[in-house]
Amino acid sequence: MSGPNVLILGAPGAGKGTQSSNIADEFGVEHVTTGDALRANKDMDISHMDAEYDIPRAYMDAGELVPDEVVNEIVKTALAEADGYVLDGYPRNLSQAKYLDGITDLDIVVYLGVDKNELVGRLTGRRVCDECGANYHVEFNPPEEEGVCDECGGDLTQRDDDTEETVRERITVYEENTEPVIERYEEEGDLVRVDGEQTPDEVWADVRDAIESEA
Ligand code: ADP
Ligand code: ADP
Ligand code: ZN
């Protein structure tokens, strides 16, 4: 039997990456994340697309959305190869949501709700392992040894776009472009809301229950 097709939604910093790792481990599905895919291809030449900038990095450092054409292609390829997935960071606007409708069937949509005031502190304190991508927080989820990954011993660094200024821009972009996507899934009756302000373990218990009962 193939694994469930899970979509996880929430603001920047809501805990999507953290919970997606749990989902991938527990249900044996692929973690498909447009943010990581774009970070691995930051300097890809997209000048032929007649967009504002020539490389993804320029959009990401400004906190803006990379053109739909680029991310749609990434997601299409990744989902075609996955036998069950948790999709994280996509769709971020209504046009991406429409595209997604045409290429896959979702079993469950989980929304992690976190108050806006919490997000800036979560993102500016986020640290990510250069080697394995594991996620930490200097205060809420610190590694055993400062700057060193518990999982693999790799270096923990701060993402270029986790500065306060870019974080605020990303939250504005989220409100304008992605909140309508959440309303759309809610209207379609597919959305399960989870309180993302609980501890990571409590959030995980609710996410796991939701997937086990719906998917
Ligand atoms: P997203 O992928 O939605 O941007 P992350 O999973 O990367 O979010 O989490 C953002 C930051 O908040 C990370 O530093 C992470 O360790 C921390 N974090 C995740 N979940 C929680 C939680 N439930 N409570 C407090 N901090 C959290
Ligand atoms: P977060 O942890 O804040 O949710 P991500 O790692 O998902 O951030 O995304 C980082 C950046 O990558 C975004 O600010 C945006 O520039 C770009 N990006 C990621 N996913 C998409 C997408 N679906 N559409 C357009 N741009 C995207
Ligand atoms: Zn690591």
Side-chain angles (χ1 to χ4, degrees), residues 1-42 44 56 60 65-93 95-112 126-136 141 149-152 154 156 159 161 174 178 181-182 184-185 188 190-194 196 200-201 203-215:
M1 199 189 86
S2 64
N5 294 342
V6 180
L7 173 60
I8 190 159
L9 294 172
K16 301 181 299 295
T18 304
Q19 297 303 330
S20 293
S21 299
N22 293 334
I23 295 168
D25 288 349
E26 174 87 11
F27 295 97
V29 294
E30 199 75 34
H31 181 192
V32 177
T33 155
T34 46
D36 284 356
L38 289 168
R39 274 184 288 282
N41 294 283
K42 269 190 159 183
M44 171 172 65
M60 297 167 82
L65 296 184
V66 174
D68 291 346
E69 256 183 285
V70 178
V71 283
N72 288 347
E73 201 55 42
I74 290 172
V75 170
K76 186 181 182 186
T77 306
L79 297 192
E81 288 167 358
D83 185 18
Y85 57 79
V86 51
L87 180 57
D88 159 19
Y90 180 101
R92 267 177 147 92
N93 59 31
S95 125
Q96 293 178 12
K98 209 169 158 205
Y99 182 82
L100 184 64
D101 279 348
I103 58 168
T104 196
D105 288 316
L106 298 169
D107 294 312
I108 182 171
V109 183
V110 179
Y111 168 74
L112 300 179
R126 171 161 63 187
R127 298 292 182 271
V128 183
C129 176
D130 288 340
E131 298 294 324
C132 75
N135 237 326
Y136 297 86
N141 179 26
C149 180
D150 293 344
E151 308 280 329
C152 77
L156 302 185
R159 271 169 45 175
D161 60 347
Y174 169 80
T178 315
V181 172
I182 291 154
R184 183 176 181 273
Y185 285 113
E188 289 173 0
D190 294 335
L191 195 82
V192 178
R193 286 179 180 269
V194 169
D201 288 348
V203 176
W204 168 232
D206 285 358
V207 168
R208 192 186 49 215
D209 285 353
I211 295 171
E212 277 170 355
S213 59
E214 299 271 331

Peer 1: Does atom NZ of K76 have more than 12 heavy-atom neighbours, drawn from other residues, nucleotides or ligands, at distances under 6.0 Å?
Peer 2: no
Peer 1: Would you compute the distance between atom CG of L156 and atom OH of Y136 and round it to the nearest 0.5 angstrom?
Peer 2: 6.0 Å
Peer 1: Any chance you could lay out the side chain to side chain contact (heavy atoms under 4.5 Å, CB included) test for V86 and F27, step after step, and finish with the verdict?
Peer 2: CA-CA 10 Å; V86 51; F27 295 97; over 6 Å; no
Peer 1: Quick one: does T104's side chain have a donor or acceptor within less than 3.5 Å of a partner on L100's backbone?
Peer 2: no
Peer 1: Between I23, D107, I108, which is the residue that forms a side-chain contact (heavy atoms from CB on, under 4.5 Å) with P4?
Peer 2: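 Only one of I23, D107, I108 forms a side-chain contact (heavy atoms from CB on, under 4.5 Å) with P4, namely D107.
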Peer 1: What are the two closest heavy atoms between V66 and P56, and how far apart are they?
Peer 2: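 Closest heavy-atom pair between V66 and P56: CG2-O, 4.1 Å.
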Peer 1: When rounded to the nearest 0.5 angstrom, what is the spacing between CG in L112 and NZ in K16?
Peer 2: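 Separation between the atoms: 7.5 Å.
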Peer 1: Step by step, work out the side chain to side chain contact (heavy atoms under 4.5 Å, CB included) result for Y99 and V71.
Peer 2: CA-CA 11 Å; Y99 182 82; V71 283; over 6 Å; no
Peer 1: How close do N72 and Q96 get, heavy atom to heavy atom, and via which atoms?
Peer 2: OD1-CG, 3.8 Å
Peer 1: With sequence neighbours left out, what residues match E73 under side-chain contact (heavy atoms from CB on, under 4.5 Å)?
Peer 2: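 Partners of E73 under the side-chain contact (heavy atoms from CB on, under 4.5 Å) test: T77.
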Peer 1: Between atom OG1 of T178 and atom CG of N93, what is the distance when rounded to the nearest 0.5 Å?
Peer 2: 7.0 Å
Peer 1: Mind listing the closest non-hydrogen atom pair of D105 and Y85 along with its distance?
Peer 2: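 Closest heavy-atom pair between D105 and Y85: O-OH, 4.1 Å.
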Peer 1: Going by distance alone, is a donor N or O of one side chain under 3.5 Å from an acceptor N or O of the other, for N141 and N135?
Peer 2: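 No pair is found: no donor N or O on one side chain lies under 3.5 Å from an acceptor on the other.
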Peer 1: Ignoring hydrogens and geometry, is there a side-chain-to-backbone donor-acceptor pair from T34 to G89 under 3.5 Å?
Peer 2: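 Looks like yes, one N/O pair under 3.5 Å.
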Peer 1: Show, in sequence, the C-alpha distance, side-chain angles and deciding distance for Y90 and I74, and conclude whether the side chain to side chain contact (heavy atoms under 4.5 Å, CB included) test is met.
Peer 2: CA-CA 10 Å; Y90 180 101; I74 290 172; over 6 Å; no
Peer 1: Can you name the nearest heavy-atom pair linking G35 to M60, along with the distance?
Peer 2: O-CE, 4.1 Å
Peer 1: Do you know which two heavy atoms are closest between H31 and G17, and how far apart they sit?
Peer 2: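 Answer, listing the atom of H31 first, then G17: CE1-O, 4.3 Å.
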Peer 1: Can you list everything that forms a salt bridge (Lys or Arg N to Asp or Glu O under 4.0 Å) with E188? Sequence neighbours excluded, please.
Peer 2: R184
Peer 1: Taking salt bridge (Lys or Arg N to Asp or Glu O under 4.0 Å) as the definition, give me every residue that meets it alongside D190, ordered by chain and number, with sequence neighbours left out.
Peer 2: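 Partners of D190 under the salt bridge (Lys or Arg N to Asp or Glu O under 4.0 Å) test: none.
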Peer 1: Working to the nearest 0.5 angstrom, can you tell me the gap between L79 CG and I103 CD1?
Peer 2: 5.0 Å
Peer 1: Please give me the minimum heavy-atom distance between S20 and D88, naming the atom from each residue.
Peer 2: OG-CB, 3.6 Å
Peer 1: List in chain and number order the residues that pass salt bridge (Lys or Arg N to Asp or Glu O under 4.0 Å) with R159, two or more places apart in sequence or in another chain; answer none if no residue qualifies.
Peer 2: D161
Peer 1: Determine, for D36 against R39, whether the closest basic-nitrogen to carboxylate-oxygen distance falls under 4.0 angstrom.
Peer 2: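 R39 and D36: salt-bridged.
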Peer 1: Would a 4.5 Å heavy-atom cut-off, applied to side chains only, mark I211 and E26 as touching?
Peer 2: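 I211 vs E26: side chains apart.
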Peer 1: Find the distance between SG (C149) and CZ (R127) and round it off to the nearest 0.5 Å.
Peer 2: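 Here the interatomic distance stands at 14.0 Å.
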Peer 1: I'd like to check the salt bridge (Lys or Arg N to Asp or Glu O under 4.0 Å) partners of R126; sequence neighbours left out, ordered by chain and number.
Peer 2: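 Salt bridge (Lys or Arg N to Asp or Glu O under 4.0 Å) list for R126, sorted by chain: D162.
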Peer 1: Quick one: list whatever passes side-chain contact (heavy atoms from CB on, under 4.5 Å) with N22, sequence neighbours left out.
Peer 2: Q19, W204
Peer 1: Between CG of D68 and NZ of K98, what distance do you get to the nearest 0.5 Å?
Peer 2: 12.0 Å
Peer 1: Determine whether D83 and E30 make a side-chain contact, defined as any pair of heavy atoms from C-beta on separated by less than 4.5 Å.
Peer 2: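 Not touching, per the 4.5 Å side-chain cut-off.
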Peer 1: Under the side chain to side chain contact (heavy atoms under 4.5 Å, CB included) rule, what do L191 and L9 come out as? Steps first, then yes or no, please.
Peer 2: CA-CA 9 Å; L191 195 82; L9 294 172; 4.2 Å; yes
